[in-house]
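As the structure lists them, so they are numbered: ligands from 1, and atoms in each ligand from 1.
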Amino acid sequence: MDYAYDDQNIFAKILRGEIPNKTVFENDHALAFHDIQPQAAVHVLVIPKGPYMSLDHFARDASATEQAGFFHAVAAVCDLMQLDEGFRGISNTRVHGVQDVPHYHMHILGGQQLGRMLLD
Ligand code: 5GP
């Protein structure tokens, strides 16, 4: 698998401050912000600050410190957005997963009943 990271993707631009975002949480290794086109009452994206394209790339090549920082941010979002009743974490990946932005991100969706994961 060739993980050739394109630093012109929209989330890389957000990380460089070239595009504004509505930040929910930030630490040394991750940024969480509201999705520009929310698909649920709560729709937050959590991204690592490092140049990783996808969940499998991040799982394979990110350091333990980067991974811990990322998951700490996921937990912080759940607390801040009061997702005690549950949520869905989604990481669309490449073509079959219909990933539009080639910088690893986890969608955190919640704040309402979401229904079944896949309809067909
Ligand atoms: P994907 O299809 O790659 O899993 O999801 C990409 C997500 O990024 C989409 O839900 C889309 O609405 C969101 N998105 C795309 N461009 C921007 C942007 O400029 N700002 C924010 N906050 N979200 C964006």
J.: Using modelled atom types only, decide if a donor and an acceptor are shared between the side chain of Gln37 and the backbone of Asp35 within a distance under 3.5 Å.
T.: no
J.: Centre-to-centre under 6.0 Å for Tyr52 and Phe58, is that the case here?
T.: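 Centroid distance Tyr52-Phe58: below 6.0 Å, so yes.
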J.: Tell me if the centroids of the rings in Phe33 and Phe11 come within less than 6.0 Å of each other.
T.: yes
J.: Enumerate the protein residues lying less than 4.0 Å from ligand 1, judged by heavy-atom distances, in chain and residue-number order.
T.: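 Contacts of ligand 1 under 4.0 Å: Ile10, Phe11, Ile14, Phe33, His34, Asp35, Ile36, Gln37, Leu45, Asn92, Val98, Gln99, Asp100, Val101, His105, His107.
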J.: Kindly write out the residues that satisfy side-chain hydrogen bond (donor to acceptor under 3.5 Å, both in side chains) with His105, not counting sequence neighbours, or none if the list is empty.
T.: none
J.: Side chains of Asp28 and Lys49: does their closest heavy-atom pair fall under 4.5 Å?
T.: no
J.: Using modelled atom types only, decide if a donor and an acceptor are shared between the side chain of Arg88 and the backbone of Gly115 within a distance under 3.5 Å.
T.: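 Checking the backbone N and O of Gly115 against the side chain of Arg88, a donor-acceptor pair under 3.5 Å is found.
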